[in-house]
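What follows is a short report on a single structure.
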Amino acid sequence: MSKIRVRFAPSPTGYLHLGSLRTALYDYVYARKMGGTFVLRIEDTDQTRLVEDSVDNLITSLATLGIDYDEGPHKDGGFGPYFQSQRLPLYMKHALELIEKGHAYHCFCSKETLDQMREEQVGTHNNMKYDGRCSRLSKDEVTARLLNGEPHVIRMKVPKHQSFVFDDIIRGRVDIESDLIDDQVIIKSDGFPTYHLAAVVDDHYMEITDVIRGEEWLSSTPKHIFLHESLGWTPPHWVHLPLLLGTDRSKMSKRQGDVAVESYLSKGYLKEAIINFVALLGWHPAGDKEIFSLEEMISEFDFAHVNKAGAIFDVTKLDWMNGQYIRSLPLEYIADCSRTYFLEAGFDISDHGKYLKVVDKSRNYVSILSLITDYAAKFYIFPKIKETDKDFLTSASSQKVLSYFCDRLRIKYNWTKDELAELVSKGIEELEIKGKQYYQPLNLALWGETSGPDIPTALDILGTEETIKRFQAIMK
RNA sequence: GACCCCAUCGUCUAUCGGUUAGGACUCCAGAUUUUCAUUCUGGCAAGAGGGGUUCAAUUCCCCUUGGGGUCGCCA
């Protein structure tokens, strides 16, 4: 058996779709698992949809996520170029070869003609397809019109009364009648190939063994098989993944909300969580394990455990999983990922020791990292005391608590967390007051709110100086 | 409309003929916590319907229903 070669073949439309990410992930994991090669190929055959910088974006996003390709742009593996726009002559050559063999033909029908044809077919109890009129043109007429410079495309000529049968790795046997298949355009009037031709030609020349793609391609697979066979090639294995669905159960798309991986990344979803979560949409490892790394996925991945049914992308569980990662990944790493949000909020995080403590405490309160500053703010922003709380804070009892702490804290500069814990528990004994009378003024003075982190941790993070400053601000 | 694919808690899923149908998210309750968050414990919640095959069907087959995909000179 030959070595596995798989490809991820996005079209550069500006961002990495969550569904594409999952496909890329399965490609990557499968290649790693099998000791195969993962190829990145850019399908930029639609000149009308080119988005500037999107290829760089895509490559950056994949790199950020840790999904490395073995061959592709900037990584020549001897099968390049990896941009379809740079392989045009190859597609044309095979399109002409197909014409020669009688498997394709020139078509001169205008857009208007085609629109009208479709309109006439609406309501018919049939599949809508091209009626094949140009396939019946005489050779002489074709030559004449070509010479005359008439705009034209090349269409595949699908045989009648035949059936295309193939075995999908996930779905098993699929059988489709050739009469249902349209004479699909393979070369557009601008000379560019359509997806169908380009993908088939490239898959062949790049020696792709397994085509892993979304289920939306299932019904056009016969066209691809037809092209492979007409060209005398052996088709690859087909692996059609279940679709990623929006909450309305339809194919996940931009208009249902965020589908760009980049936007999840910038909102503060960790790559570990995104990958873990997306992987689970359609696949699951043995047992009840739900949190796993890319490495673990590689060792356990198997198409036999990929589902057939589409999966709804429910962000609620992603939030939970992201929270799990925020809390369990190394503190320095989380601090690193959070930095940008703190800077955006304008917090002075030059004191790295304090910053780490803040992150360590705050990470318990968020499931999306961009929101970490909501909680962390209390450690960086001086509290505003509400008018309604002032009476309580200036009461003799409250003042006693605050001055108790100011007095003790002033003794030295460096308090350990244990010492602070001891101080706090000793304080409530020595002052002989109830919990509420004790903690309420401290919380209010510290944050302007009645709740907050436990006091020893709070004082440890804030530091002696800042703590005293906050207390003194409301002491008479 | 035609064709193709699919069908277990609200959601992601386990089960590859015999289970009290398991786990996770969400939600609810309790414990821990001065409070909040975290964490822990417990609870609610599912085999679309109808036929077969079988000693036995969620599991295999068929039909119905439901959902999705495709039907572009887009991928």
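Below, all heavy atoms of this structure are taken into account, side chains as well, without hydrogens, waters or symmetry copies. In the text below, chain A, chain B and the rest are named by the order of the sequence lines, each starting its count at 1. Predicted model, so just to flag it, every value in this text is computed and none were measured.
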Problem - P gap between C44(B) and G23(B), integer Å - result: 11 Å
Fill in the blank from the handout: Closest to the side chain of Ile176(A), out of C3(B), A75(B), C71(B), is C3(B)
Exercise for the section: Dump the intermediate steps for salt bridge (Lys or Arg N to Asp or Glu O under 4.0 Å) on Asp202(A) and Arg41(A), then the final yes or no. Expected result: CA-CA 9 Å; Asp202(A) 288 344; Arg41(A) 183 174 75 216; 3.7 Å; yes
Problem - Charged tip of Lys390(A) within 45° of Phe392(A) ring normal and under 6.0 Å - result: no
Completion exercise
Among the nucleotides A7(B), A24(B), G69(B), whichever has the atom closest to the side chain of Lys317(A) is A24(B)
Fill in the blank from the handout: Checking C12(B), C36(B), C74(B) against the side chain of Tyr365(A) (C-beta onward), the nearest is C36(B)
Practice task
Establish, yes or no, whether the cationic atom of Lys267(A) lies under 6.0 Å from the six-membered ring centre of Tyr269(A) and within 45° of the ring axis.
Solution key: no
Practice task
Side chain of Leu243(A) only, please: which of A75(B), G68(B), G10(B) is the nearest?
Solution key: G68(B)
Practice task
With heavy atoms under 4.0 Å as the rule, sort Gly323(A) into base, sugar-phosphate or nothing.
Solution key: nothing
Exercise for the section: Would you mind reading off the distance between Lys308(A) atom NZ and U58(B) atom P, rounded to a whole angstrom? Expected result: 19 Å
Exercise for the section: Tell me which nucleotide among A75(B), A37(B), C12(B) gets nearest to the side chain of Ile312(A). Expected result: C12(B)
Exercise for the section: Would you kindly give the NE2-to-C1' distance between His17(A) and C74(B), to the nearest whole Å? Expected result: 15 Å
Practice task
Could you check how far CD1 of Ile187(A) sits from P of G72(B), rounded to whole Å?
Solution key: 19 Å
Practice task
Give a yes/no on whether any side-chain N or O of Arg118(A) is located under 4.0 angstrom from OP1 or OP2 of C73(B).
Solution key: yes
Problem - Separation of the C1' atoms in U11(B) and A46(B), to the nearest angstrom - result: 12 Å
Exercise for the section: Please check the phosphate of A14(B) (OP1 and OP2 only) for any side-chain N or O of His284(A) closer than 4.0 Å. Expected result: yes
Practice task
Assign the ring pair Trp447(A) / Phe379(A) to parallel, tilted or perpendicular, where the plane angle (0 to 90°) is split at 30° and 60°.
Solution key: perpendicular
Exercise for the section: Please work out if Glu43(A) contacts a base, only the sugar-phosphate, or nothing of the nucleic acid, heavy-atom cut-off 4.0 Å. Expected result: sugar-phosphate
Practice task
Considering just the side-chain nitrogens and oxygens of Thr45(A), establish if one lies under 4.0 Å of OP1 or OP2 belonging to A75(B).
Solution key: yes
Completion exercise
Per atom distances to the Ser451(A) side chain, the nearest of C36(B), G10(B), A75(B) is C36(B)
Practice task
Measure up the Phe38(A) and Phe8(A) rings against each other and bin them: parallel (under 30°), tilted (30 to 60°), perpendicular (over 60°).
Solution key: tilted
Handout entry: U39(B) and G47(B), which share atom name P, separated by this distance in whole Å
Key = 31 Å
Practice task
Determine whether any donor atom in the side chain of Ser189(A) lies under 3.5 Å from an acceptor atom in the base of C73(B), or the reverse, and answer yes or no.
Solution key: yes
Handout entry: P gap between C9(B) and C5(B), integer Å
Key = 22 Å
Handout entry: Length of the CG-C1' vector between Leu180(A) and C5(B), whole Å
Key = 14 Å
Exercise for the section: Answer yes if the side chains of Gln116(A) and Glu120(A) hold a donor-acceptor pair under 3.5 Å, and no otherwise. Expected result: yes
Fill in the blank from the handout: note: Phe192(A), atom CZ; A75(B), atom P; distance rounded to Å ~ 11 Å
Exercise for the section: Could you tell me whether the side chains of Asp454(A) and Thr457(A) share a donor-acceptor contact shorter than 3.5 Å? Expected result: yes
Handout entry: Contacting residues from residues 268-281 of chain A, given that a heavy atom lies under 4.0 angstrom of RNA chain B
Key = Leu280(A), Leu281(A)
Exercise for the section: Please state the C1' separation for the pair C27(B) and G67(B) - nearest whole angstrom. Expected result: 26 Å
Exercise for the section: Look at Lys129(A) and U70(B) and indicate whether a side-chain polar atom (N or O) is within less than 4.0 Å of OP1 or OP2. Expected result: no
Practice task
Calculate the interatomic distance between Gln256(A) atom CD and G68(B) atom P; express it in whole Å.
Solution key: 11 Å
Problem - Short side-chain N/O contact to U13(B) OP1/OP2 from Asn307(A), under 4.0 Å - result: yes
Exercise for the section: Decide whether a cation-pi geometry holds between Lys354(A) and Tyr380(A); the criteria are a distance under 6.0 Å from NZ or CZ to the six-membered ring centre and an angle within 45° of the ring axis. Expected result: yes
Problem - P atoms of C55(B) and U65(B), separation to the nearest Å - result: 32 Å
Exercise for the section: Name the orientation class of the two ring planes belonging to Tyr105(A) and Tyr130(A) (parallel below 30°, tilted from 30 to 60°, perpendicular beyond 60°). Expected result: parallel
Handout entry: Listed nucleotide nearest any side-chain atom of Ser250(A), set A24(B), G68(B), A7(B)
Key = G68(B)
Practice task
Answer with base, sugar-phosphate or nothing: what part of the nucleic acid does Pro151(A) contact at a heavy-atom distance below 4.0 Å?
Solution key: nothing
Problem - Pairwise P distance, C25(B) and U38(B) [rounded to whole Å] - result: 12 Å
Exercise for the section: Specify the separation, in whole Å, of atom CD of Glu177(A) and atom C1' of C3(B). Expected result: 10 Å
Practice task
Tell me whether the guanidinium CZ or amine NZ of Arg408(A) lies under 6.0 angstrom from the six-membered ring centre of Tyr404(A) and within 45° of its axis.
Solution key: yes
Handout entry: No-hydrogen, no-angle side-chain donor-acceptor test under 3.5 Å, His224(A) and His196(A)
Key = yes
Problem - For atom CH2 of Trp447(A) and atom C1' of A37(B), their distance in whole Å - result: 14 Å
Exercise for the section: For the residue pair Trp217(A) and Tyr195(A), categorise the inter-ring angle as parallel (less than 30°), tilted (30 to 60°) or perpendicular (more than 60°). Expected result: parallel
Exercise for the section: Report the relative orientation of the aromatic rings in Phe164(A) and Phe226(A); use parallel for angles under 30°, tilted for 30 to 60°, perpendicular for over 60°. Expected result: perpendicular
Which atom pairs link the protein and nucleotides 60-67 of chain B when you take only N or O atoms and keep those under 3.5 Å?
none

Problem - Pairwise P distance for G17(B) and C73(B), with rounding to whole Å - result: 46 Å
Using a cut-off of under 3.5 Å, enumerate the N/O to N/O pairs linking the protein to nucleotides 26-33 of chain B.
none

Problem - Any Gln324(A) side-chain nitrogen or oxygen under 4.0 Å from OP1 or OP2 of U39(B) - result: yes
Practice task
Check the angle between the aromatic planes of His240(A) and Trp238(A) and answer parallel, tilted or perpendicular using the 30° and 60° thresholds.
Solution key: parallel
Problem - Heavy-atom side-chain proximity of Ile154(A) to Cys107(A) below 4.5 angstrom - result: no
